[in-house]
*Asks:* 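Here it is, the structure in full.
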Amino acid sequence: MLTVEKIGGTSMSALKDVIDNIIFYQKTGEDLYNRVFVVSAFAGVTDILLENKKTGAPGIYHKISKNQDFKVQMQFLVSELKTINLKYAALGLDLQAADFFVEKHVKKALEYLEDLVNILSSGYVSKSGILLAAREILASIGESHSAFVLSDILEHRGLSVQRIDLGGFDDHASLTIDQRIKKAFKEVPLARTICIVTGYTKGTEGIMRAFDRGYSEVTFSKIAEILRPDEVIIHKEYHLSTADPAIVGKENCSPVGFTNYDIADQLADVGMEAIHPSASKPLEMKGISLRIKNTFDPAHEGTLITKSYLCERKRIEMITGTQELLLIDVYDALMVGSVGSDLKAMQIFAHHNISYTFKTTSANSISILIWEKDFKKSLISDLQREFEKVMYEKVAIVCLLGSNIDQPGLLAKSASALTKSGINIKSAGFALRKVNIQFILDREDYRPAIIALNKAMQ
């Protein structure tokens, strides 16, 4: 059975658990092989290289983008990567080899980056193109390092290991992402080896141009497309659960078990990704099943996501949401009966490259929900030029998700649960297919709403 598996950054930082609970768990001899592992950088490394994913705190990339000296930060990076190496020496890592790899790799990256900065300062080339190339080079460093560390440890444990670095530091061939992956796997004896592959892939189209920080899952997905494994697995530091255990308590939720790619898309739409949407689509179209497993609970089968799953009984599979949204309301007395008002508003959002997660309309108004991080004052200015009145406020959304939730009274039951908890519903909606019932609330009501709905649906 061939599997392609991805190990996230937080899991990678618990490398002993990865080795015990994933690599060797209930496997010996030939069963250890015919597996491809796509690894992310160790937790926090990509934040140093690019920016903090959660807070936006600037990393080395932002020094380059502002034409500031970044050599000190590169030396700090070397120190941090060596500290990580030291942490895993007890697992069998050849510390001298790992430190040498870090020094050599970062030195080479620094040479590339200095060349880019010099070209940029000449004024003869596009700034955006050069900065994108710098971002690509930086992103590749973390995965190259983590792949080296894990490969070295496994080799010292007697496994047949093939490290596949798709970062292309020493490969100057002009290849697309797909071409580079196909070339890398062309001669690999999968049945007799375990492959450790970088989550970053160098390609002429630039993997970060389209996917940015979701690039490792895209690499994972593209490898699966090419190799056509029996199953793909993503190892996370938590289960895909019926509700957030940090909010409702572990005792009040459980692993989902089974769902479909449609529900995975609904999750991604509110920022609770089981998998990046751009990575899930090829898997869904090729009919490749995806399993989400908890690195720290290896005995549990996790949650299997398939294209055609439909729950046998009507039930809510997940309750989730986010507090990081903004509700924009566009009002105009002349909107009623006027053809194209919605189109006019949507064209303004498209002009600002802003997507929405929820939209509802009435005779004279359109309410649109966007991510707060995407907000621009110029968006409001443009809307105000076209419509009579524009208002916006910070809000939260809670969602009831499931592959089979079309049941009488569910909307009333969930709204009643919120009302009994003293929570005001600002807006609500669902599409005809009824896989996602959404409630828009004040931000301070987010956690109480999740708890109330989770209790009501049990």
Side-chain angles (χ1 to χ4, degrees), residues 4-9 12 15 18 23 33 35-42 45-46 48-50 74 77-78 81-82 84-85 88 93-94 96-113 133-156 159-190 193-208 211 213-227:
V4 175
E5 310 181 33
K6 180 183 177 296
I7 306 174
M12 282 296 294
L15 204 52
V18 166
I23 307 293
Y33 302 119
R35 292 187 293 167
V36 175
F37 289 97
V38 179
V39 298
S40 294
F42 291 108
V45 171
T46 309
I48 296 172
L49 291 162
L50 302 178
M74 291 293 281
L77 172 68
V78 170
L81 295 182
K82 285 185 175 181
I84 292 172
N85 291 345
Y88 300 120
L93 176 65
D94 183 335
Q96 185 176 357
D99 286 353
F100 179 74
F101 175 84
V102 166
E103 291 171 358
K104 181 182 177 182
H105 201 73
V106 174
K107 181 182 178 182
K108 187 68 173 178
L110 183 59
E111 291 173 0
Y112 285 147
L113 292 169
R135 196 166 175 83
E136 297 269 343
I137 292 167
L138 287 168
S140 72
I141 296 172
E143 275 79 14
S144 291
H145 171 246
S146 60
F148 181 93
V149 170
L150 181 55
S151 298
D152 186 81
I153 292 171
L154 296 181
E155 284 175 352
H156 283 95
L159 289 183
S160 171
V161 181
Q162 181 136 356
R163 176 169 59 94
I164 299 177
D165 193 330
L166 298 172
F169 256 44
D170 300 313
D171 180 358
H172 302 295
S174 182
L175 300 173
T176 65
I177 293 168
D178 286 350
Q179 288 170 341
R180 188 173 299 279
I181 292 172
K182 288 177 181 177
K183 179 183 176 183
F185 281 94
K186 188 175 181 180
E187 304 295 335
V188 177
L190 293 171
T193 191
I194 188 169
C195 295
I196 307 299
V197 191
T198 57
Y200 173 86
T201 306
K202 175 183 174 183
T204 52
E205 66 269 51
I207 198 168
M208 299 201 73
F211 311 112
R213 294 289 287 267
Y215 61 83
S216 62
E217 288 190 354
V218 173
T219 292
F220 160 77
S221 175
K222 285 183 174 293
I223 291 172
E225 270 193 281
I226 291 167
L227 297 184

*Asks:* With sequence neighbours left out, write down each residue that passes side-chain contact (heavy atoms from CB on, under 4.5 Å) with Glu205, or none if nothing qualifies.
*Replies:*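 Glu205 satisfies side-chain contact (heavy atoms from CB on, under 4.5 Å) with Thr176, Ile177 only.
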*Asks:* Check for a donor-acceptor pair, side chain of Arg163 on one end and backbone N or O of Ser144 on the other, with a separation under 3.5 Å.
*Replies:*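 Not a single qualifying donor-acceptor pair exists.
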*Asks:* Compare all side-chain heavy atoms of Ile196 with those of Gln162 and state whether any distance is below 4.5 angstrom.
*Replies:*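 They are not in contact (no side-chain heavy atoms under 4.5 Å apart), so the answer is no.
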*Asks:* So, do Leu113 and Leu138 sit near enough that their side-chain heavy atoms are less than 4.5 Å apart?
*Replies:*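 Sidechains of Leu138 and Leu113: in contact.
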*Asks:* Which heavy atom in Gly142 sits nearest to a heavy atom in Val45, and how many Å separate them?
*Replies:*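 That closest heavy-atom pairing would be CA-CG1, 3.9 Å.
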*Asks:* Measure the CG-CG distance between Leu15 and Leu93 for me, rounded to the nearest 0.5 Å.
*Replies:*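 The distance works out to 9.0 Å.
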*Asks:* Can Glu103 and Lys82 be counted as an ion pair, charged N to O under 4.0 angstrom?
*Replies:*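 Yes, charged N to carboxylate O under 4.0 Å.
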*Asks:* Using the ring of each side chain (for Trp, its six-membered ring), is Phe101 parallel, tilted or perpendicular to Phe148, with breaks at 30° and 60°?
*Replies:*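 Because their plane-to-plane angle is under 30°, the rings of Phe101 and Phe148 count as parallel.
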*Asks:* With a 4.5 Å limit on heavy-atom distance, are the side chains of Glu5 and Arg35 in contact?
*Replies:*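 Sidechains of Arg35 and Glu5: in contact.
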*Asks:* For Val36 and Ile164, run side chain to side chain contact (heavy atoms under 4.5 Å, CB included): C-alpha distance rounded to whole Å, both residues' side-chain angles, the deciding distance at 0.1 Å, then the answer.
*Replies:* CA-CA 10 Å; Val36 175; Ile164 299 177; over 6 Å; no
*Asks:* Heavy atoms, side chains only, cut-off 4.5 Å: are Lys6 and Phe37 in contact?
*Replies:*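 Not in contact.
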*Asks:* Pair Ile7, Val38 - check side chain to side chain contact (heavy atoms under 4.5 Å, CB included), show working.
*Replies:* CA-CA 6 Å; Ile7 306 174; Val38 179; over 6 Å; no
*Asks:* Quick check: closest heavy atoms across Ala147 and Ser151, and the distance to 0.1 Å?
*Replies:*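 Result for this residue pair: O-OG, 2.7 Å.
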*Asks:* Answer yes or no: does atom CD of Glu111 have more than 12 heavy-atom neighbours from other residues, nucleotides or ligands under 6.0 Å?
*Replies:*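 Count over threshold, so yes.
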*Asks:* How many angstroms lie between OG1 in Thr204 and CD in Gln179, if you round to the nearest 0.5 Å?
*Replies:*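 Atom-to-atom, Thr204:OG1 and Gln179:CD are 7.0 Å apart.
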*Asks:* Could you give me the CA-CA distance, side-chain angles and deciding distance for Val39 and Val197, then say whether side chain to side chain contact (heavy atoms under 4.5 Å, CB included) is met?
*Replies:* CA-CA 6 Å; Val39 298; Val197 191; over 6 Å; no
*Asks:* To the closest 0.5 Å, what do you measure between CD (Glu136) and CE (Met208)?
*Replies:*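 Those atoms lie 6.5 Å apart.
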*Asks:* Supply the atom-to-atom distance Ile48 CD1 to Leu77 CG, rounded to the nearest 0.5 angstrom.
*Replies:*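 Going from the CD1 atom of Ile48 to the CG atom of Leu77 covers 6.0 Å.
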*Asks:* Would you call the rings of Phe42 and Tyr88 parallel, tilted or perpendicular, taking 30° and 60° as the class edges?
*Replies:*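 Rings of Phe42 and Tyr88: parallel, as their planes differ by under 30°.
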*Asks:* If the condition is salt bridge (Lys or Arg N to Asp or Glu O under 4.0 Å), which residues does Asp99 pass it with, not counting sequence neighbours?
*Replies:*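 For Asp99 there are no salt bridge (Lys or Arg N to Asp or Glu O under 4.0 Å) partners, ignoring immediate neighbours.
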*Asks:* Do the non-hydrogen side-chain atoms of Val78 and Met74 ever get within less than 4.5 Å of each other?
*Replies:*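 No, every pair of side-chain atoms sits at 4.5 Å or beyond.
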*Asks:* Say you draw a straight line from OG1 of Thr198 to CG of Leu166; how long is it, rounded to the nearest 0.5 Å?
*Replies:*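 Spacing of OG1 (Thr198) from CG (Leu166) equals 4.0 Å.
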*Asks:* Who are the side-chain hydrogen bond (donor to acceptor under 3.5 Å, both in side chains) partners of Ser216, not counting sequence neighbours?
*Replies:*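 So Ser216 forms no side-chain hydrogen bond (donor to acceptor under 3.5 Å, both in side chains) with any residue.
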*Asks:* Go through the structure and list residues passing side-chain contact (heavy atoms from CB on, under 4.5 Å) with Ser140, not counting sequence neighbours.
*Replies:*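 Ser140: side-chain contact (heavy atoms from CB on, under 4.5 Å) contacts with Phe169, Tyr200.
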*Asks:* How many angstroms lie between atom CE of Met12 and atom OG of Ser40, to the nearest 0.5 angstrom?
*Replies:*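 Nearest 0.5 Å value for the CE-OG distance: 8.0 Å.
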*Asks:* Just wondering, do Ile141 and His105 contact through their side chains at under 4.5 Å, heavy atoms?
*Replies:*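 Heavy-atom side-chain distance check passes, below 4.5 Å.
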*Asks:* Could you check whether any side-chain heavy atom of Leu190 comes within less than 4.5 Å of a side-chain heavy atom of Cys195, counting everything from C-beta outward?
*Replies:*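 Of all side-chain heavy-atom pairs linking Cys195 with Leu190, at least one is under 4.5 Å.
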*Asks:* Please name all residues satisfying side-chain hydrogen bond (donor to acceptor under 3.5 Å, both in side chains) with Thr219, sequence neighbours left out, ordered by chain then number.
*Replies:*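 side-chain hydrogen bond (donor to acceptor under 3.5 Å, both in side chains) list for Thr219, sorted by chain: Thr201.
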*Asks:* By the salt bridge (Lys or Arg N to Asp or Glu O under 4.0 Å) test, which pairs, at least two apart or in different chains, include something from residues 167-176?
*Replies:*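 Every pair satisfying salt bridge (Lys or Arg N to Asp or Glu O under 4.0 Å) with a residue in residues 167-176: Asp171-Arg180, Asp171-Lys183.
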*Asks:* Backbone N or O of Glu217 within a donor-acceptor pair of the Ser221 side chain at under 3.5 Å?
*Replies:*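 Here the side-chain-to-backbone pair does not exist.
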*Asks:* Strictly distance-based, threshold 3.5 Å: is any side-chain N or O of Tyr33 a donor or acceptor partner for the main-chain N or O of Ser160?
*Replies:*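 Yes, because the side chain of Tyr33 sits within donor-acceptor range (under 3.5 Å) of the backbone of Ser160.
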*Asks:* Would you mind reporting whether His145 and Ile84 have side-chain heavy atoms less than 4.5 Å apart?
*Replies:*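 When only atoms from C-beta onward are counted, His145 and Ile84 do touch, with a gap below 4.5 Å.
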*Asks:* Decide yes or no on side chain to side chain contact (heavy atoms under 4.5 Å, CB included) for Phe185 and Ile226, but give the supporting numbers first.
*Replies:* CA-CA 9 Å; Phe185 281 94; Ile226 291 167; 5.8 Å; no
*Asks:* Tell me whether Lys202 contacts the main-chain N or O of Gly167 through its side chain, where contact means a donor paired with an acceptor under 3.5 Å.
*Replies:*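 Not a single qualifying donor-acceptor pair exists.
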